[in-house]
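We name chains A, B, ... by the order of the sequence lines, and we start the count at 1 in each one.
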Amino acid sequence: RKEVEQDPGPFNVPEGATVAFNCTYSNSASQSFFWYRQDCRKEPKLLMSVYSSGNEDGRFTAQLNRASQYISLLIRDSKLSDSATYLCVVSWAGKSTFGDGTTLTVKP
Amino acid sequence: DGGITQSPKYLFRKEGQNVTLSCEQNLNHDAMYWYRQDPGQGLRLIYYSQIVNDFQKGDIAEGYSVSREKKESFPLTVTSAQKNPTAFYLCASSKLAGGLAKNIQYFGAGTRLSVL
C-alpha cells in the first residue's frame, strides 16, 4: 500500500462545477498536510496547507480528518484556469511524501 | 528575489557519463530535497538533507549521489550506474521549524534530463 493515495482521476468537469478530491495517508504520526498544484511540465506549487479545523481560501476548501487519516480538497465554481494536477502531500520529521496526483480538466 | 534556482533547464547525457544538476536556494532553508518525476507519475524522493554535511537516501537513491557543503547548495550527480535517467528532476527546500511555514516545500523550475 502506498503511503499517500489519491483518487486516480482524471476528473473532467464543466465550468462552474464543484469538484472534490480525496486523499488517504498511512502514517498516523504525520504532522503537516498540504495540497499542491502542478501544471503540465512545470514544478509543483503550494495551493494551500491543511489544518485540523479545516480551512478555506476563496473557492478552495481543505479538510483534515486525523482519525480516518483522510484529507480532502473542494473546489467550487470551477474555472478553466483550475485545470491542473493536484497533489496531496503529507509530512513527517521533515520529509514529505507526495501522492501521485489527480488531474482536473475544466471544460467550457 | 528569494527562491530556488535549478540549472540547466535541459541536459543531455551520453552513455557512461556522469552529469551534475545544480540547485541553489537563497531562502535560508535548512532542508533540501531532490525528486524524480517520470511522465504521468508522481514525485519520488531521491535524496534529502536537513543540515550541512549530512544527507539521507530517499526511496530511489541508487545511481545518484549528492553533497551538501553549503546551506544554499545541494547538487545532484546522476552517475553512469543510473541506467534509466531520463526524467524531470525537481529540487525543493523547506524550513524545519517556524510554525505554519514548517515543512512547506518550495520547488525550483526543474531540469529535464535525456539520454543521447
Report, by ascending residue number, the residues of residues 73-89 of chain B in heavy-atom contact with chain A at a distance under 4.5 Å; give 'none' if the set is empty.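 Answer by number: B:F88.
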Is there a side-chain contact between B:N103 and A:W92 (heavy atoms, below 4.5 Å)?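 Answer no - side chains too far apart.
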With side chains defined as the heavy atoms from C-beta onward, is the minimum distance between A:S96 and B:Y35 less than 4.5 Å?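 Contact flag for A:S96/B:Y35 side chains = yes.
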State yes or no: do [X] and [Y] share one hydrophobic cluster built from I, L, V, M, F, W and Y residues joined by side-chain heavy-atom distances below 4.5 Å, directly or via other members?
{"X": "A:F98", "Y": "A:W35", "answer": "no"}
{"X": "B:Y106", "Y": "B:M32", "answer": "no"}
{"X": "B:I4", "Y": "B:Y10", "answer": "no"}
{"X": "B:L45", "Y": "B:W34", "answer": "no"}
{"X": "A:V19", "Y": "A:I71", "answer": "yes"}

Derivation of the side chain to side chain contact (heavy atoms under 4.5 Å, CB included) call for A:K95 and B:Y48: CA-CA 8 Å; A:K95 183 182 161 188; B:Y48 65 104; 3.8 Å; yes
Can you tell me how far apart CG (A:D100) and CG (B:L43) are? Round to the nearest 0.5 Å.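 One finds 9.5 Å between CG of A:D100 and CG of B:L43.
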Kindly compute the distance separating CD1 (B:I104) from CE (A:M48), expressed to the nearest 0.5 Å.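 Rounded to the nearest 0.5 Å, the CD1-CE separation comes out at 11.5 Å.
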Main-chain N/O of B:Q105 paired to A:Y36 side chain as donor or acceptor, under 3.5 Å: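 Yes, the answer is positive, given that a donor and an acceptor are paired below the 3.5 Å cut-off.
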Using a distance-only test with no angle check, is there a side-chain donor-acceptor pair under 3.5 angstrom linking A:Q38 and B:Q37?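 Looking only at side-chain atoms, B:Q37 and A:Q38 do form a donor-acceptor pair, the distance falling under 3.5 Å.
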Does A:Q69 CD have over 12 foreign heavy atoms under 6.0 Å away?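 Yes, the 6.0 Å shell around CD holds more than 12 heavy atoms from other groups.
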Among the options B:Q56, B:Q6, B:R112, B:K95, pick out the one with the most heavy-atom pairs lying under 4.5 Å from chain A.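 Sorted descending by pairs with chain A, the first entry is B:R112.
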Between B:L96 and A:G94, which heavy-atom pair has the shortest distance, and what is it?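 Reported closest heavy-atom pair: CD2-CA, 3.7 Å.
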